[in-house]
Structure formats: C-alpha cells, structure tokens
Number of protein chains: 2
Amino acid sequence: MLSPTGGTPQTSTRVLVIDDEPQIVRALVINLKARKYEVDAAHDGATALELAATRHPDVVVLDLGLPDMDGVEVIRGLRGWTRVPILVLSARHSSDEKVEALDAGADDYVTKPFGMDELLARLRAAVRRAEPAGGGEDDVMVETEEFTVDLAAKKVNRGGKDVRLTPTEWHLLEVLVRNTGRLVSQRQLLQEVWGPSYGTETNYLRVYMAQLRRKLEADPSHPKHFVTEPGMGYRFEK
Amino acid sequence: MLSPTGGTPQTSTRVLVIDDEPQIVRALVINLKARKYEVDAAHDGATALELAATRHPDVVVLDLGLPDMDGVEVIRGLRGWTRVPILVLSARHSSDEKVEALDAGADDYVTKPFGMDELLARLRAAVRRAEPAGGGEDDVMVETEEFTVDLAAKKVNRGGKDVRLTPTEWHLLEVLVRNTGRLVSQRQLLQEVWGPSYGTETNYLRVYMAQLRRKLEADPSHPKHFVTEPGMGYRFEK
DNA sequence: TGGGAGCGTCAGAGTTCCGTCAAAGACGGT
DNA sequence: ACCGTCTTTGACGGAACTCTGACGCTCCCA
C-alpha cells in the first residue's frame, strides 16, 4: 500500500498532530509527510480545535499533556461535532487515564515511548475503519438532470464543463449531497462547514446557498435541487 | 453509560472471545456478562470463524496465540466478509507483530498482561465507532394508506408528491407519530411543540391540527388518522 | 328545547425568515 | 505592496410562518 488512503488515492489523508513537544511533532511530521500524508500541527488545545474546524482532518493524533487545557477536554470538543478518528498519545501508563480518554471518545491510546511503526499502523487502522462502509465502491457520483457531482474527485460538471467552486461552496455542497433527500438543519450545516462554534449565523448560509444555486441551478431564483425549508434547513434533491 | 450499547439498549452487544487459555476466557466472560454483554467463546481459530459466521458478533476479542492457526489468518478470515471490530490480545510486545495484525485488519491491539478496565474501555470504543454514522436512528418510516412519513429525512410523501410542512406542523406531526396509536394529551402536545410554559392554549392545537388534516387527510373534515378525543387530546392512527 | 362547552374553520395582522445585492475585510501569490 | 479571489458583514424587500379573534357547528345535558 503506497498511498496512506488505500482505497482512494486521489486525495491524500489529512492528519492533525497535537503535541507541545517540538521534537515529537517534528518526528511525526517528517514520518507522515514521507508517507504522503498531509499534516497540520498544533501545540495547544485551542489552536487544535480551531484547526480541526477549518481543515477537517481525516484523523487526529492528540497528546494528552497540553499546556492550555486538559486533553480529555479536547476530545470532548471534537466529539461534539465530528466523528473523526482520534489517536491519543500519552506518557502516563495509568489505566484510569486510558479509560477516561477512550470513554470520552478517543479511538486508540498509545503510551510513550512508542514505536513509529506501531503508531503508523494504528493510524492506518483508524483511517481504514473510518472509510465508508460500502465495501469499496461508494456512490461518489451524484447526477441530476443539469449537473453531476463527483465527491471523490471533488468536481462538479455542468453541460460538459467543470464548474469552479470555492472551498466553502464545495464543503456546503458536499454536506448537502451526502444527505441527498434528507433535510439538513441550518445548525448542522453551519457546524459542519464553518465549525462547531457556529450555529446561528444563518446569513452565511443564505449567501452561499445563493452562490451554489447561481452556479448550478437552471433557474437560480426557482431552485429545483437546493430546496429551502423555511425555519428548518435545506435539502438537496436529485 | 450503564448499557454497553449506549444508544440502543434494546438488544445487548454480542462479543466473541477467542482465546485458548481457559483462565483468560473465564475472566473475560465473567466481566463481560456482568456488564450485560452477550458472550460467545471459542478456543481455536476454526470454531472462531464458524461462530463469527453463525452468531454475527458486534465485536471480536482475539488472542493471537491459537493452537490451530495463525492469529493473523483469523483476522483475514473475518475481514474477507465482515467489518466487525476486532480487538487483538497478544503476549508479544514485538512491534512487527502489532503492525502485521493491524494492517491485516485488526482495530486495536492490547498486550498481555492487560488491565480489565482498559480492555473494556477499548472494547466500548470499538463498538461505539462501529455504530451507524447517522446521528442515532435512521430510516424511521411510518406509512398509512394515504401518505408516508419519513422522520429522519423530515419528509412526507402523499400520492408520489412531497408535502410541504411548516416547522410547527412538523413538530406536531412528529410528536403524534412517535406515539402512534396512543392518546397524546393536549397539554403534552402544547408543551412539546410550543414549550413548557404552554399548556392551555388549545386554540393553537385546533389551528395546526386542521392544517395537518388539510394537507394529509383524504377527507379533512372526517379525519381517519388524526383523531380527536374530545376533552382529552389527539391520537394518530395508521 | 335551549344553552354551554369543546372543536373546526377562516382570514387578517404581526413577526420572523429568506433571497439578493453591494461593499468591506482577509488571504495568498507575484 | 499590489492585485485577484474568497469570505464576512450589513441592509433591504418580499415571502413564509405564527398568532389571534370571530364565527359556526356538534354534542351533551339540563
């Protein structure tokens, strides 16, 4: 397996490393980048949560001993809005601490000092099982009469031409398309696209929904696919 | 969390324990049963694969040192057809063996001797993340002769067309449908839909119940599904 | 047979919510 | 430092939704 993603080598796996010890971060970053992961790093809990919200990593490696906040709090902060795999690092061998971290929502717990091989193997395992359950092929292509969305390639095609979407537009589209037919509440949309601390800024939604409609709907002022449910949320229909 | 299943306490979680050391199996079985898990045990790889196929466990605890076959072979045998979480136990601390087991498809790796608390926490973590991703329950459909309610998608279909409901109408419908066949008092309806400080504003109910009937009943003035129980409340019947 | 209580129906007033536009701010690359 | 792109913000008109009061109906009981 050359690519860390295994099944879908199109885009590489994004890892968020959270640790306050520079040498550990360096070792991790070097090893991960050598294996074609994209890596973000944070050295405290606050920036970690922020990065998680903006960068949407595919897996998180978290050292419990942070300067600004309890590691378990970081886990809870993440679990409030995402199911991203969390791999905990810790110098403590205490059983209680392991139990607490795992029950707070961590996926795995590795005690320092750890072997890099083992850590990478556990990371692969965490990423692998987070992949969609559909045995291999997944309905990454969604088609409507007017346009086609390729979730894997992150591409939208309309009338033979690729439509250019900004990151936010794409993210919004992705959440809606992944819930085709289902109503998605404005709160959920805001939190998934803008991060867990958002939830009431519905004007963002109005602006970006308008952009999507302008780019994808045949008649943007009478949308067929991006339906508004007043007071509740939005719904994508094929 | 009292029940090991967490979100769905209806049926207990089924664990398959695979180990050839009787004392370890005994300890695990006792601890697991005390926590209301259903437990099956196998002491070799062949029966393990057989039991896995017939019993469909929710999680597997596997000792790598089996008499009849290599532990990694058991993992591969399982991974050929199921994504059930596999928790590996092993006396070996070797990094290579961990990597091999994890890459073969194991979800976690615990070295003996292990703390029972930690093992149980890792087990909970494995079961938790295997739960369906959709916020909890999904595909809750209620059907009548005239219309269909999809509680997850927040959709009502009638004669092939989607019916549009306002937030209040939805909320009211939801409470009634979740209590299909049962009488729901006006007080309870008012408090669930309009908030705890409401309880006597029965005119709200009259108005919105009329809306629901107009949108969903074949003959709104002679409702079949949204039945009034004078002086008491309302009842939804299929 | 008359009257009251509970319910269904309707339409208008008031409020909230949404689509749209424009401009300012933030960011990254040259 | 400049420019282009993307994101954030504010303002406004119009649409959708909720609330409210009035009226008529039916059922039950005196």
Side-chain angles (χ1 to χ4, degrees), chain A residues 40 50-51 53-56 154 156 162-174 176 183-187 189-195 197-235, chain B residues 154 156 162-174 176 183-187 189-190 192-195 197-235:
Chain A
D40 294 311
E50 207 177 305
L51 271 178
T54 55
R55 302 275 297 166
H56 291 274
K154 291 207 191 303
V156 182
D162 280 352
V163 181
R164 180 178 186 78
L165 295 183
T166 71
T168 309
E169 285 163 8
W170 173 260
H171 211 321
L172 183 57
L173 176 67
E174 193 172 2
L176 287 168
L183 175 81
V184 188
S185 72
Q186 16 201 29
R187 173 171 219 81
L189 284 170
L190 282 165
Q191 297 198 339
E192 294 224 22
V193 178
W194 279 269
S197 62
Y198 294 76
T200 55
E201 294 81 349
T202 59
N203 45 330
Y204 292 12
L205 286 179
R206 297 209 297 278
V207 171
Y208 278 92
M209 203 60 66
Q211 310 263 59
L212 278 182
R213 297 205 255 236
R214 191 173 331 130
K215 291 184 178 180
L216 299 179
E217 290 273 4
D219 181 359
S221 53
H222 299 92
K224 277 172 54 187
H225 305 293
F226 300 95
V227 188
T228 302
E229 303 277 359
M232 302 200 289
Y234 293 87
R235 184 198 305 278
Chain B
K154 286 219 187 332
V156 181
D162 283 347
V163 182
R164 169 160 280 204
L165 297 183
T166 72
T168 310
E169 286 162 9
W170 248 113
H171 212 153
L172 185 57
L173 176 66
E174 200 170 352
L176 288 169
L183 172 76
V184 188
S185 73
Q186 334 192 64
R187 172 169 219 86
L189 283 170
L190 281 165
E192 292 224 27
V193 178
W194 279 269
S197 61
Y198 293 75
T200 54
E201 294 81 348
T202 59
N203 46 330
Y204 292 11
L205 286 180
R206 296 208 297 278
V207 172
Y208 278 94
M209 203 60 67
Q211 309 263 58
L212 277 183
R213 298 206 254 236
R214 186 169 342 123
K215 290 183 178 180
L216 300 179
E217 291 273 5
D219 181 0
S221 51
H222 298 92
K224 276 171 55 185
H225 303 107
F226 299 96
V227 188
T228 303
E229 303 279 357
M232 308 190 61
Y234 294 87
R235 180 200 309 276

Could you state the atom-to-atom distance from NZ of B:Lys215 to P of C:dT9 in whole Å? 15 Å
Let me confirm one number: the OG1-CZ distance from B:Thr200 to B:Arg187, rounded to the nearest 0.5 Å. 7.5 Å
What's the OH-C1' distance between B:Tyr204 and C:dG6, to the nearest Å? 18 Å
Short side-chain to backbone donor-acceptor contact, B:Glu217 and B:Lys224, under 3.5 Å: yes
Atom pair CD/OG of A:Gln191 and A:Ser185 - distance to nearest 0.5 Å: 8.0 Å
Would you indicate what A:Trp170 reaches in the nucleic acid, counting non-hydrogen atoms under 4.0 angstrom: base, sugar-phosphate, or nothing? nothing
Side-chain donor/acceptor of A:His56 to backbone N/O of A:Glu192, under 3.5 Å: yes
Rounded off to whole Å, could you give me the CG-to-C1' distance for the A:Leu172 and D:dC6 pair? 15 Å
Heavy-atom protein contacts under 4.0 Å, nucleotides 16-30 of chain C, coded B base, S sugar-phosphate only, - none: -SBBBB---------
Between B:Pro167 and A:Pro230 the two heavy atoms that sit nearest each other are CG-O, 3.4 Å
Is there a salt bridge (Lys or Arg N to Asp or Glu O under 4.0 Å) between A:Glu229 and B:Lys154 once you walk through the steps? CA-CA 10 Å; A:Glu229 303 277 359; B:Lys154 286 219 187 332; over 6 Å; no
From CZ of B:Arg164 across to P of D:dC17 the rounded distance in Å is 7 Å
Nearest listed nucleotide, side chain of B:Thr166, among D:dT8, D:dT18, D:dC6: D:dT18
Search all heavy atoms of A:Leu190 against all heavy atoms of A:Thr202 and return the closest pair with its distance. CD1-N, 4.2 Å
Could you point out which residue of A:Val184, A:Leu172, A:Leu189 forms a side chain to side chain contact (heavy atoms under 4.5 Å, CB included) with A:Tyr234? A:Leu189
Do any side-chain nitrogens or oxygens of B:Trp194 fall under 4.0 Å of OP1 or OP2 in D:dC19? yes
How many whole angstroms separate atom CD of B:Gln211 from atom P of C:dG8? 13 Å
Could you check whether any side-chain heavy atom of A:Leu216 comes within less than 4.5 Å of a side-chain heavy atom of A:Phe226, counting everything from C-beta outward? yes
Provide, to the nearest angstrom, the distance between the CD atom belonging to B:Glu201 and the P atom belonging to C:dG8. 17 Å
From CG of A:Leu190 across to C1' of D:dT8 the rounded distance in Å is 13 Å
Enumerate all atom pairs, one protein N or O and one N or O from nucleotides 25-28 of chain D, separated by less than 3.5 Å.
none

